[in-house]
2 protein chains.
Amino acid sequence: MTTASTGGTRWLSDEEQSVWRAYLHATTLLEDHLDRQLQRDAGMPHIYYALLVQLSQAPRRQMRMTELAKDAKITRSRLSHAVARLERNGWVRREDCPSDKRGQNAVLTDEGYEMLRRSAPGHVRAVRQAMFDRLTPEQVRSFGEIMQVIATGLEPEGTDADLPWLR
Amino acid sequence: MTTASTGGTRWLSDEEQSVWRAYLHATTLLEDHLDRQLQRDAGMPHIYYALLVQLSQAPRRQMRMTELAKDAKITRSRLSHAVARLERNGWVRREDCPSDKRGQNAVLTDEGYEMLRRSAPGHVRAVRQAMFDRLTPEQVRSFGEIMQVIATGLEPEGTDADLPWLR
DNA sequence: GACCTTTTCTTGAAAGTTGAACTAGATAGA
DNA sequence: TCTATCTAGTTCAACTTTCAAGAAAAGGTC
């Protein structure tokens, strides 16, 4: 394993390899950790919880399905299933969109909001303990930049983020 | 939203919130990206690929199930299913462990190795494009440190990493 | 309006994951 | 030895995700 090119492939350097390994370990451990924490304390996986948080911050606590899927970076299909489950739990309700008869609004119910209010402190604590309490302010800043770069690079084309005149 | 404590909960500051959001976006986009890339080019999800890589680097290209699960940070259950699938594909073979009759060794087959050799360049390219080619050397270094801190903090207790005299 | 394309969202089946229960073998103590 | 406990790995059922297919409405063009 070297940093040199071989047969056209630029392999990862030793440092890059170890960074990549650390990244994979940190992200899988953290995602598992949060999934378990939220499954225990809120009865749902992390991604579902994130959907409710998203809704709670939207005007009138509701969003069009497609918009919600985009913001959460998941497919519409996946969102359909997720909302169906959250609806069964009584935390989300679907409403027809008045302006577009194809459209659906996912609405956070009062029960959903209440559940969020109850479990938010525990979740924030978990995130802090796993990440922010272990990093210096300088590291947090740098980390934010790095994540931003990576996310932007993977954003599907034709997104606002790709239009230079909006930067 | 402030940085102050309220009712005992230290909420995230605005900066922390935006870092957290960026983290969630970057990691879900990247994991999706790699899953699709490998599903297309190697016929399996990223985690399965990572298992084969792990095996390819082990002595005699084999590992005990539990050890492999630990290294890959997944449950033994999940690994059982994964290896069953990889076995059906002919990329891995199970062998009884001679020294412990409960044990199984997962062995990377020649076909598995060959498949890895073919798809590695494309995978490395994807990782580079998504991450390393977008970061400065200084960012890569810092990123590695940060991921290391987070991973170590989430490592199950009683691990070597927690024994101070090994540091 | 008729026609074609695009967008929105859902569905169903196949694949993957989880957590608990279970079998079999190892380990340790009396 | 006998027993209790622990460890390795698998399996089952419930749940989640993916991918492809499809229904319904919207938007454009002639």
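Here is the naming used below: chain letters follow the sequence lines, and residue numbers restart at 1 for every chain. For clarity, every value in this text was computed on a predicted model and none was experimentally measured.
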Results of side-chain hydrogen bond (donor to acceptor under 3.5 Å, both in side chains) for Asp32(B) - residues two or more places apart only: none

Interface with DNA chain D, restricted to residues 60-72 of chain B and to heavy atoms under 4.0 Å: Arg64(B), Met65(B), Thr66(B)

Can you tabulate the close N/O pairs, meaning under 3.5 Å, that link protein atoms to atoms of nucleotides 14-19 of chain C?
unit_1, atom_1, unit_2, atom_2, d
dG16(C), OP1, Arg85(B), NE, 3.2
dG16(C), OP1, Arg85(B), NH2, 3.0
dT17(C), OP1, Arg78(B), NE, 3.1
dT17(C), OP1, Arg78(B), NH2, 2.5
dT17(C), OP2, Tyr48(B), OH, 3.1
dT18(C), O4, His81(B), NE2, 3.1
dG19(C), OP2, Arg36(A), NH1, 2.7
dG19(C), O6, Ser77(B), OG, 2.8

ring-ring contact (aromatic ring centres under 6.0 Å, His included) contacts in which one or both residues fall within residues 67-119 of chain A, not counting sequence neighbours: none

Verdict with supporting geometry, Asp41(B) and Arg125(B), salt bridge (charged side-chain N to carboxylate O under 4.0 Å, His left out): CA-CA 12 Å; Asp41(B) 300 347; Arg125(B) 203 173 309 123; over 6 Å; no

Which residues share a side-chain hydrogen bond (donor to acceptor under 3.5 Å, both in side chains) with Glu67(A), sequence neighbours left out: none

All salt bridge (Lys or Arg N to Asp or Glu O under 4.0 Å) counterparts of Glu31(A), not counting sequence neighbours: none

Flag side-chain contact, heavy atom, 4.5 Å: Ser142(B) against Gln139(B): no

Distance, nearest 0.5 Å, that separates CZ of Phe143(B) from CG of Leu135(B): 7.0 Å

Test ring-ring contact (aromatic ring centres under 6.0 Å, His included) applied to Tyr48(B) - qualifying residues, sequence neighbours left out: none

Bend angle of the helix from dG1(C)-dC30(D) to dA30(C)-dT1(D), from helix axes over five pairs at each end, nearest 10°: 20°

From CD1 (Ile74(A)) to OG1 (Thr28(B)), nearest 0.5 Å: 9.0 Å

Residues which pass ring-ring contact (aromatic ring centres under 6.0 Å, His included) with His123(A), listed by chain and number, not counting sequence neighbours: His46(A), Tyr49(A)

Check: Arg134(A) side chain, Gln129(A) main-chain N or O, donor-acceptor pair, under 3.5 Å: yes

Pairs where residues 135-146 of chain A contributes a residue and the test salt bridge (Lys or Arg N to Asp or Glu O under 4.0 Å) is met, not counting sequence neighbours: Glu138(A)-Arg141(A), Arg141(A)-Glu145(A)

Thr27(A)-Thr27(B) side chain donor-acceptor pair, cut-off 3.5 Å: no

Positions of residues 100-109 of chain A (non-hydrogen atom under 4.0 Å from DNA chain D), listed by number: Asp100(A), Lys101(A), Arg102(A)

Start and end of chain B contact along DNA chain D [non-hydrogen atoms, under 4.0 Å]: dT7(D) to dC19(D)

